[in-house]
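Here's the structure we're looking at; comments come further down.
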Amino acid sequence: MNWKCLTLTVAFAGMAAAVPAKADQLDNIISAKTLRCATFADVPPFASPDPKTREMAGFDVDLCGAIAKELGVKAEIKPVSVEARVPEVKLGRVDITVANLAYTLSRAEQIQFSDPYYLAKEMLIVPADDAGKTKADFAGQRIASTKGSTSEMSIKLNKSDPLTFQDTASAYLAVQQGKARGMVANTMTTTKFVNESKSKGKPMRMIEEPMLYQPIGIGMAKDQPALTAKINEILRKLDTSGEINKIWDKWLGPDTEYKMKRTDKVVSLSELKFDPIP
């Protein structure tokens, strides 16, 4: 018997046994009985502190709660900045990110996306007396947005000059103060600001042509197939049961200031026709 070979074989086997397998995140969530969920810190109607209770409230918060309920665990909401949405889940500080997270190629290299649950639009709003009609009219112009967002990316893709802030309220204020010609954000946020401007501040209007389209999904760590499959399964169940529409109507529907109707269905990314953002 070749004792040298046997010794090396045993040594390598011991080393392999000492290298821990990557933990199954779904099992960890079930064991901890907690789903750690990153949301916006202050971007209504998705997630922001309730003025009365100071508890986080909004569409994304309720969606986190619905997913946690299906898993049989409690939801633990962790408010994060716009630019921290991807790093938080990538580094394992949260289990999922539910924060109006748009699919982009660069984000998809870092994290796993769920099946999209709606197709969003990035819209440009400008003072009502602005002469611009299409997004091309604002090329080379200073446009405000939140930092690290797809709104900022859409401004760059339009060859405009982004002026970024930590929150949408500050970006909107920059336009009101004449520091930027316009502001880009999702349809819900821009609709709210246009409606508010009718009674306060400088009147605003929305440019009809979207800056871009973007599928919105839930962010998770890569290489967690069980968690990805489970989240997709739950999203489809919530969609079929009407629960997502119920949450949508509560925060964004016809009886809210946004007056938006959700017509999208949870489908795989490959079923959607769109140009992926870099």
Side-chain angles (χ1 to χ4, degrees), residues 39-62 79-83 85 99-100 102 118 120-135 137-138 140-155 158 160-212 214 216 247-262:
T39 68
F40 286 123
D42 191 10
V43 181
F46 300 106
S48 60
D50 183 282
K52 296 179 180 178
T53 66
R54 304 310 299 169
E55 295 289 327
M56 294 300 292
F59 174 84
D60 291 338
V61 176
D62 283 359
V80 301
S81 64
V82 174
E83 62 266 30
R85 291 175 296 171
N100 203 43
Y118 83 95
K121 300 173 185 176
E122 289 295 321
M123 303 300 295
L124 170 63
I125 59 173
V126 298
D129 58 0
D130 191 290
K133 301 296 182 184
T134 69
K135 65 182 184 181
D137 294 330
F138 298 88
Q141 300 295 303
R142 180 174 291 178
I143 305 295
S145 74
T146 50
K147 184 178 181 180
S149 64
T150 46
S151 301
E152 179 184 359
M153 196 174 298
S154 75
I155 294 170
N158 194 55
S160 300
D161 179 22
L163 177 64
T164 60
F165 299 87
Q166 291 297 322
D167 56 79
T168 53
S170 298
Y172 177 67
L173 182 61
V175 182
Q176 286 286 318
Q177 294 176 338
K179 296 177 181 177
R181 185 172 170 185
M183 169 196 170
V184 174
N186 58 70
T187 307
M188 302 81 158
T189 301
T190 50
T191 298
K192 178 184 177 181
F193 283 140
V194 168
N195 289 338
E196 286 182 355
S197 74
K198 294 176 182 178
S199 58
K200 186 174 72 172
K202 185 185 300 182
M204 305 287 289
R205 66 179 177 86
M206 193 179 299
I207 300 298
E208 291 186 11
E209 181 185 11
M211 293 289 279
L212 58 79
Q214 49 187 357
I216 303 298
I247 297 171
W248 179 279
D249 287 346
K250 175 183 175 182
W251 295 102
L252 299 152
D255 294 330
T256 69
E257 60 187 307
Y258 305 100
K259 304 188 184 305
M260 297 181 66
K261 182 178 181 180
R262 177 178 177 267

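The first residue in the sequence is number 1, and the count goes up from there. Because the structure is a prediction, the values reported are computed rather than measured.
Counting only heavy atoms from C-beta outward, the side chains of Asp42 and Asp167 never approach each other to under 4.5 Å. Using a 4.5 Å cut-off on side-chain heavy atoms (C-beta onward), Asn100 and Val43 make no contact. No side-chain heavy atom of Glu196 sits under 4.5 Å from any side-chain heavy atom of Met204. Side-chain contact check for Phe40 versus Met56: every heavy-atom pair is 4.5 Å or farther apart.
Every residue meeting the ring pair (Phe, Tyr, Trp, His ring centres under 6.0 Å) condition with Tyr118, not counting sequence neighbours, appears here in chain and number order: Trp248. With sequence neighbours excluded, the residues that form a side chain to side chain donor-acceptor pair (under 3.5 Å) with Ser151 are Glu122. By the side chain to side chain donor-acceptor pair (under 3.5 Å) test, Lys133 is found to be paired with no residue, residues two or more places apart in sequence or in another chain being considered. Ser154 meets the side chain to side chain donor-acceptor pair (under 3.5 Å) test with no other residue; sequence neighbours excluded. Annotation: side chain to side chain donor-acceptor pair (under 3.5 Å) contacts of Arg262 (sequence neighbours excluded): Asp239, Asn245. Among residues two or more places apart in sequence or in another chain, the salt bridge (charged side-chain N to carboxylate O under 4.0 Å, His left out) test is passed with Glu152 by Lys156. Shown here are the salt bridge (charged side-chain N to carboxylate O under 4.0 Å, His left out) partners of Lys259, two or more places apart in sequence or in another chain: there are none.
Pairs passing the salt bridge (Lys or Arg N to Asp or Glu O under 4.0 Å) check and including a residue from residues 197-208, sequence neighbours excluded, do not occur. Residue pairs meeting the salt bridge (Lys or Arg N to Asp or Glu O under 4.0 Å) criterion with at least one member in residues 171-186, sequence neighbours excluded: Asp130-Arg181. The side-chain hydrogen bond (donor to acceptor under 3.5 Å, both in side chains) contacts involving residues 183-194 comprise Asn186-Thr189, where partners must be two or more places apart or lie in separate chains. Counting only residues at least two apart or in different chains, ring pair (Phe, Tyr, Trp, His ring centres under 6.0 Å) contacts with residues 169-212 comprise Tyr172-Phe193.
In this structure, Gly182 and Val126 approach most closely via the heavy-atom pair CA-CG1, 4.0 Å. Shown here for Ala144 and Ala171, the closest heavy-atom pair between the two residues is CB-O, 3.5 Å. Ser149 and Arg85 make their closest contact through CA-NH2, 4.1 Å (heavy atoms, listed as atom of the first residue, atom of the second, distance). Considering every non-hydrogen atom in both Ala57 and Trp251, the closest pair reads CB-CH2, 3.9 Å. When every heavy atom of Asp60 is checked against every heavy atom of Ala99, the shortest pair comes out as OD2-CA, 3.2 Å.
We find the CD1-OG1 distance between Ile143 and Thr164 to be 13.0 Å, quoted to the nearest 0.5 Å. Residue Asn158 holds its CG atom at 4.0 Å from CE of Met211, rounded to the nearest 0.5 Å. Of the inter-residue distances, the one linking Lys147 atom NZ with Glu83 atom CD reads 6.0 Å to the nearest 0.5 angstrom. To the nearest 0.5 Å, atom CD1 of residue Ile207 and atom CG of residue Asp137 are 7.5 Å apart. Expressed to the nearest 0.5 Å, how far CG of Leu163 lies from CE of Met183 amounts to 11.5 Å. With values rounded to the nearest 0.5 angstrom, Met188 atom CE is found 12.0 Å from Met123 atom CE.
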Show the atom names and distances, to 0.1 Å, of all donor-acceptor pairs under 3.5 Å that link a side chain in residues 44-53 to residues at least two apart or in another chain.
from: Asp50; atom 1: OD1; to: Lys52; atom 2: N; distance (Å): 2.8
from: Asp50; atom 1: OD1; to: Thr53; atom 2: N; distance (Å): 3.0
from: Thr53; atom 1: OG1; to: Glu55; atom 2: N; distance (Å): 3.1

